[in-house]
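Read the numbers this way: they start at 1 and go in the same order the structure lists the ligands and their atoms.
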Amino acid sequence: MTSEVTENPLAASLMGLCASNRVAQAVGVAASLGVADELASGPRSAEDLATAVGAHPGALRRLLRALSDVGVFQEREDGIFAPTPLGDLLRSDWPHSMRGYALLTSSPFHRAAWTGLEHSVRTGESAFAHIHGQELFEYLPDHPADGELLNGAMIAVSGQFIAPAFAACDFAPGEAIVDVGGGHGAVLASILAAHPGTEGVLFDLPGVIATSGDQFRRAGVEDRCRKVAGDFFESVPSGADTYVLSHIIHDWDDDRAVRILASCREAMKPEGRVLLGEALLNEGPAPSRVKWLDLEMLVLTSGGRQRTRSEYEHLFQRAGLQPTGTPAQSPIFNVLEARHA
Ligand SMILES: C[S@@+](CC[C@H](N)C(=O)[O-])C[C@H]1O[C@@H](n2cnc3c(N)ncnc32)[C@H](O)[C@@H]1O
């Protein structure tokens with residue numbers, strides 16, 4: 001006879017939350033090994049996959065069955081593993097693949113920064129600087145492999161979630177667009193592809209521009225885009241109609257955010273505009289994953305944060321800009337427009 005005992009569902013829930021870093025790490029390892037790519041041709045055994053990706057068969061099987069428990073793969077009764085729609089997002093050849101994000105969030109430098117969260121919460125300071133001894137954008141040029149991880153993650157996240165909102169804005173043929181801090185160009189490539197006749201400048205730090213790859217060639221817009229290296233605290237390329245700021249202002253405190261916006265105002269044509277894309281924070285207790293993005297900003301930056309619409313409008317005004325509307329929005333991201341005040 002077997003005695004049935006109950007368990008406290010709340011304790012099980014809390015245990016799951018406490019251990020959720022294991023899921024991130026497991027997803028990242030599957031991404032790094034390229035398991036989803038190997039499953040693209042159909043279900044396979046762990047042994048077969050282990051040979052293909054260069055892993056220990058027994059250990060890989062344990063990874064795959066744990067990931068099947070959260071829907072990333074599917075473990076069949078015969079012990080064969082099959083792809084799932086969720087896991088397909090880890091394929092490197094998938095449109096808007098999320099593989100780059102999985103690689104960043106499981107990487108040692110990113111994980112290490114999060115170990116400093118308590119320092120951030122006690123002091124309000126950057127966990128990243130506390131752990132790594134440098135601010136994020138000072139550290140990355142000295143650690144190019146980690147820089148590539150951030151750039152790959154931004155292609156994934158921005159390409160998936162914010163580029164469609166920017167591409168949905170109105171751009172006239174002949175319009176000149178500067179993507180300020182554009183990273184590897186996921187947003188600018190989407191805008192140029194959606195709006196024939198527009199022209200773009202990808203502007204970022206020298207190390208980022210040097211490794212920015214062939215995003216524009218793959219989007220078929222290479223002939224309408226050039227790349228410029230520089231520092232947006234000094235200046236940005238002048239004379240354009242539109243200055244795109246995607247996931248930029250949330251990296252900085254108010255004073256430095258105003259400096260970046262002022263660089264755009266100083267550079268743009270008199271009738272030009274700024275298009276700022278960010279995940280807006282709503283005050284109050286309603287559930288929102290923006291609250292987690294805000295915590296990421298607390299960890300990674302010194303003074304960066306997600307902001308409410310009125311906080312962005314206040315920054316525009318401080319920089320001599322006038323908020324003029326919301327040309328596009330998605331469930332999380334908003335594109336806010338501002339012009340000369
Ligand atoms: C969070 S990423 C956003 C990238 C891109 N806009 C996107 O949405 O995917 C921030 C970008 O700002 C760039 N950046 C940081 N400091 C900069 C500076 N002083 N001048 C120019 N770009 C800078 C970084 O190199 C990085 O590409």
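- The ring pair (Phe, Tyr, Trp, His ring centres under 6.0 Å) test applied to H130 returns H119, not counting sequence neighbours.
- For the pair A186 and ligand 1, no heavy-atom separation below 4.0 Å is found.
- Of all the heavy atoms of D251, the ones lying under 4.0 Å from any atom of ligand 1 belong exclusively to the side chain.
- Close contacts between ligand 1 and D231 involve ligand atoms 18 (C), 19 (N), 20 (N) [criterion: under 4.0 Å to a heavy atom].
- Among T242, V180, T324, L321, the single residue meeting the side-chain contact (heavy atoms from CB on, under 4.5 Å) criterion with V274 is L321.
- Under 4.0 Å from ligand 1, heavy atoms of S246 appear from its side chain as well as its backbone.
- Backbone and side-chain nitrogen or oxygen atoms of F233 are examined, and none is located within less than 3.5 angstrom of a nitrogen or oxygen of ligand 1.
- For ligand 1 and G183, the ligand atoms under 4.0 Å from any heavy atom of the residue are 27 (O).
- When non-hydrogen atoms are compared, ligand 1 lies under 4.0 Å from the side chain of I248 (C-beta onward) but not from its backbone.
- Residue-level proximity to ligand 1 for V208 is carried by the side chain, the only part with a heavy atom below 4.0 angstrom.
- Residues passing the salt bridge (charged side-chain N to carboxylate O under 4.0 Å, His left out) test with R22: none are found, sequence neighbours excluded.
- Scanning all protein heavy atoms for the shortest distance to atom 25 (O) of ligand 1 gives D204 OD1, 2.6 Å.
- The nearest non-hydrogen atom to atom 5 (C) of ligand 1, considering only G181, A153, S158, comes from G181.
- With 3.5 Å as the limit, one finds no donor-acceptor pair spanning the side chains of T301 and H250.
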